[in-house]
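Quick notes on the structure that follows.
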Amino acid sequence: MPRQNEKMAYYPGCSMDGLGKAYQKSTEVVFRDLDIPMNRIKDYNCCGATEVKNISYDLSVFLPTRNLALAESMGAGTVIAPCNGCVYALARANKSISEDASSRQRLSGYLQEAGVPQYSGDVEVKHVLEVIRHSVGLDAVKARVSRPLSGLKVACYYGCLYTRPKTYTGAGMKEGKDNPEHPHFMDDLLQAAGATTVEYPVKTICCGGGHTIADREVSVGFSAAILNEAARAGADLVATMCPLGQVNIEMNISKITEQYGAEIIRPVVYFTQLLGLSFGHSRREMALHENISDANGVLKRMGY
Amino acid sequence: MPIHEKNLIEKEDLLEKEKAVVDGVDVSGRWNTFIRERLLSDYHEDFVEEVKSLPGGRTVTNCWQCGTCTSGCCLHTDYGLREFNPRYFIYLAQIGNVDELKKYGDVIWRCISCNKCVERCPKGVKVEEVVHNIDEVLRRRGVTEDTPGSRWDRTYLDNIMATGVLDELGLTLKYVRAEKPEDFTRGFMARMAVKIIRNGNIRTGPIRRRTRGWKKMKKVAEDILERDGYASAK
Ligand code: SF4
Ligand code: SF4
């Protein structure tokens with residue numbers, strides 16, 4: 001159970017209310033089953049992702065800071081985000097506030113001008129994966145599993161900005177944070193859910209999602225590498241934890257099939273969808289039909 | 001000497017011999033490559049100062065050229081785009097060799113912000129941000145042109161500035177219409193749109209979602225952008 005005095009705010013980020021809706025739905029179910037409260041930040045705004053920083057440093061810090069300030073005014077000491085890009089942008093804002101006095105000063109002026117409450121810089125940023133893995137613990141997850149995912153081989157794909165850089169996220173340094181070079185929280189959870197997770201070399205490679213449309217070659221190349229390595233390791237599915245990564249790989253599947261053949265294609269699902277299945281929920285409840293890639297076939301074959 | 005990163009040297013400056021004999025000793029094989037003597041005189045010493053003056057580029061002078069960033073870079077090593085070399089871009093920026101940087105105008109933008117370089121840099125250089133700021137200064141000075149990456153960033157920014165939250169479909173349509181990436185054909189877009197609309201997940205165009213109270217934020221954001229020299233598309 002999360003400690004009572006440690007109120008957590010939930011920052012969905014734009015994708016969870018758009019292309020990543022299936023991730024949102026399955027996360028809600030998993031949170032409910034595990035008694036993790038989901039206190040949404042109302043009227044959040046875009047975190048700026050990795051795009052805004054290439055245009056204006058100040059704006060790229062100001063955007064996420066408004067969300068952190070709203071979380072703090074809800075009385076939260078932690079903000080949970082489901083998207084790697086959001087985790088990065090929020091954590092980067094905290095870092096900027098703590099290490100750079102002049103940026104802190106300008107920021108305080110912007111907040112005041114915009115009528116946003118001032119922000120201390122102290123709200124900790126956590127990924128949904130870290131919250132499920134640590135504030136509840138593996139035993140609580142195991143206790144909730146009613147239909148173990150036995151026989152299912154999963155390649156856990158963490159992507160780039162979940163732990164990176166550790167100087168922003170505290171990965172490997174703070175309690176409850178994953179290892180920055182060899183993350184394993186998703187493997188831990190899906191193993192607790194009864195699945196077999198495979199070892200493969202590109203767990204934390206970039207998926208190319210920042211340039212899905214702007215740089216097709218790179219985005220298709222990375223997505224293909226992830227699917228290819230997962231297939232080589234014998235995985236039935238690839239599990240993700242980031243709406244951008246998920247949608248990027250899925251959108252590239254038709255191109256990858258054309259370029260490299262259908263043998264390396266594996267369906268891609270959110271890790272929360274798999275957890276939900278193991279908790280006894282149906283594929284429909286986990287919104288698996290909403291994914292662009294079709295995992296229903298393989299899951300049905302395995303009896304889920 | 002065997003030459004590392006041979007790809008960084010212009011072809012006409014490389015002298016390779018099938019068989020090389022120096023002072024009667026056969027040095028063919030690994031030792032048969034030479035670099036022609038060349039003199040560089042056109043340095044822009046203010047270049048690095050300009051990069052450093054941008055908040056994201058502040059750490060550019062911390063770099064001690066160890067190459068850790070390049071060796072792990074997702075683009076350089078995993079993808080294999082050898083001409084993308086963040087260590088080299090930083091070196092050229094430090095010494096102000098703008099002519100050489102110009103040659104990489106259509107390469108630098110391809111950094112996908114995965115931050116592996118920032119994670120691993122032993123000197124606390126925010127490599128990824130520095131690389132983007134080098135690209136920015138090159139474009140500001142008119143040395144290089146807009147790139148697909150810079151146009152993507154702008155389309156993204158304009159999209160979120162309108163309501164405070166991202167309209168993914170609107171952004172995709174706008175960018176695809178302007179840039180026409182080869183495999184985003186009408187058929188492909190239609191198939192994706194059907195799938196997405198059937199899920200009922202997308203609110204785009206006039207019914208897109210908005211952040212309540214965004215107006216006030218927007219005003220402040222516009223002031224910041226103006227001060228940072230950004231002219232909005234609208
Ligand atoms: S890792 Fe850091 S110090 Fe080493 S070359 Fe790259 S930027 Fe410079
Ligand atoms: S952020 Fe850019 S420069 Fe750094 S490792 Fe990734 S692709 Fe390479």
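Protein chains get the first letters and strands the later ones, always in sequence-line order, with residue 1 at the start of each.
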Quiz item: When rounded to the nearest 0.5 angstrom, what is the spacing between CZ in B:Arg154 and CD in A:Glu51?
Solution: 13.0 Å
Quiz item: Which answer fits A:Asn291, side chain, backbone, both or neither, if we ask what part of it has an atom under 4.5 Å from a heavy atom of chain B?
Solution: backbone
Quiz item: chain A contacts: which residues in residues 57-67 of chain B have a non-hydrogen atom closer than 4.5 Å to it?
Solution: B:Arg58
Quiz item: Which of the residues B:Trp214, B:Tyr79, B:Phe188 is involved in the greatest number of heavy-atom pairs with chain A at under 4.5 angstrom?
Solution: B:Tyr79
Practice problem: Look up atom SG in A:Cys46 and atom CG in B:Asp167, then write down how far apart they are to the nearest 0.5 Å. | Solution: 12.0 Å
Self-check item: Members of residues 157-168 of chain A whose heavy atoms come closer than 4.5 Å to chain B
Solution: A:Cys160, A:Leu161, A:Thr163, A:Arg164, A:Pro165, A:Lys166, A:Tyr168
Practice problem: Identify which of B:Gly80, B:Cys111, B:Ser113 forms the greatest number of heavy-atom pairs closer than 4.5 Å to chain A. | Solution: B:Ser113
Practice problem: Search all heavy atoms of A:Phe62 against all heavy atoms of B:Ala221 and return the closest pair with its distance. | Solution: CE2-N, 4.5 Å
Exercise. Under 4.5 Å heavy-atom distance to chain A, tell me which part of B:Glu179 shows up: side chain, backbone, both or neither.
Key: neither
Quiz item: Which region of A:Ser254, side chain (C-beta onward) or backbone (N, CA, C, O), has a non-hydrogen atom less than 4.5 Å from a non-hydrogen atom of chain B, or is it both or neither?
Solution: side chain
Practice problem: Could you look at A:Asn84 and say if it's the side chain, the backbone, both or neither that has a heavy atom under 4.5 Å from chain B? | Solution: neither
Quiz prompt | Interface residue of largest heavy-atom contact number with chain B, from A:Gly20, A:Ser103, A:Ala114, under 4.5 Å | solution = A:Ala114
Exercise. Enter the distance from B:Tyr230:OH to A:Ile55:CD1 here, rounded to the nearest 0.5 Å.
Key: 5.0 Å
Quiz prompt | Least distance between heavy atoms, A:Arg106 atom then B:Pro55 atom | solution = NH2-CG, 4.3 Å
Exercise. State plainly whether the residues B:Lys195 and A:Glu250 are in salt-bridge range, i.e. N to O under 4.0 Å.
Key: no
Quiz item: Passes side chain to side chain contact (heavy atoms under 4.5 Å, CB included), A:Ile213 versus B:Val176? Steps please.
Solution: CA-CA 8 Å; A:Ile213 325 180; B:Val176 166; 3.8 Å; yes
Quiz item: For the candidates B:Ile224, B:Asp228, B:Leu225, which exhibits the highest count of non-hydrogen atom pairs separated by less than 4.5 Å from chain A?
Solution: B:Ile224
Quiz item: Roughly how far apart are B:Glu136 CD and A:Ser56 OG, rounded to 0.5 Å?
Solution: 9.5 Å
Quiz item: Atom SG of A:Cys206 and atom CG of B:Asp78: how far apart are they, to the nearest 0.5 Å?
Solution: 9.0 Å
Quiz item: If you look at every heavy atom in A:His211 and B:Trp109, which pair is closest and at what distance?
Solution: CE1-O, 3.3 Å
Self-check item: chain A contact residues among residues 119-127 of chain B, heavy-atom distance under 4.5 Å
Solution: B:Glu119, B:Arg120, B:Lys126
Quiz item: Which heavy atom in A:Phe222 sits nearest to a heavy atom in B:Cys74, and how many Å separate them?
Solution: CZ-O, 3.3 Å
Quiz item: Taking only residues two or more places apart in sequence or in another chain, which ones pass ring-ring contact (aromatic ring centres under 6.0 Å, His included) with A:Tyr44?
Solution: A:Tyr11
Quiz item: Given that the side chain runs from C-beta out, which part of A:Glu99 has a heavy atom under 4.5 Å from chain B: side chain, backbone, both or neither?
Solution: side chain
Quiz item: Hey, which of A:Leu59, A:Asp43, A:Asn45, A:Ile292 has the most heavy atom pairs under 4.5 Å with chain B?
Solution: A:Asp43
Practice problem: List the atom of A:Asp215, the atom of B:Arg110, and the distance in Å for their closest heavy-atom pair. | Solution: OD2-NE, 2.8 Å
Exercise. Show your reasoning for whether side chain to side chain contact (heavy atoms under 4.5 Å, CB included) applies to B:Thr211 and A:Arg66.
Key: CA-CA 12 Å; B:Thr211 304; A:Arg66 175 176 176 273; 3.8 Å; yes
Quiz item: Checking A:Glu181 against chain B: side chain, backbone, both or neither under 4.5 Å from a heavy atom?
Solution: side chain
Quiz item: B:Arg209 side chain to A:Cys14 main-chain N or O, any donor-acceptor pair under 3.5 Å?
Solution: yes
Exercise. Please state whether the side chain, the backbone, both or neither of A:Val247 comes within less than 4.5 Å of a heavy atom of chain B.
Key: neither
Self-check item: Minimal non-hydrogen separation, A:Arg216 against B:Pro181, with atom names
Solution: CG-CB, 4.1 Å
Quiz item: Can you tell me how far the CG atom of B:Asp153 sits from the CG atom of A:Asn54, to the nearest 0.5 Å?
Solution: 4.5 Å
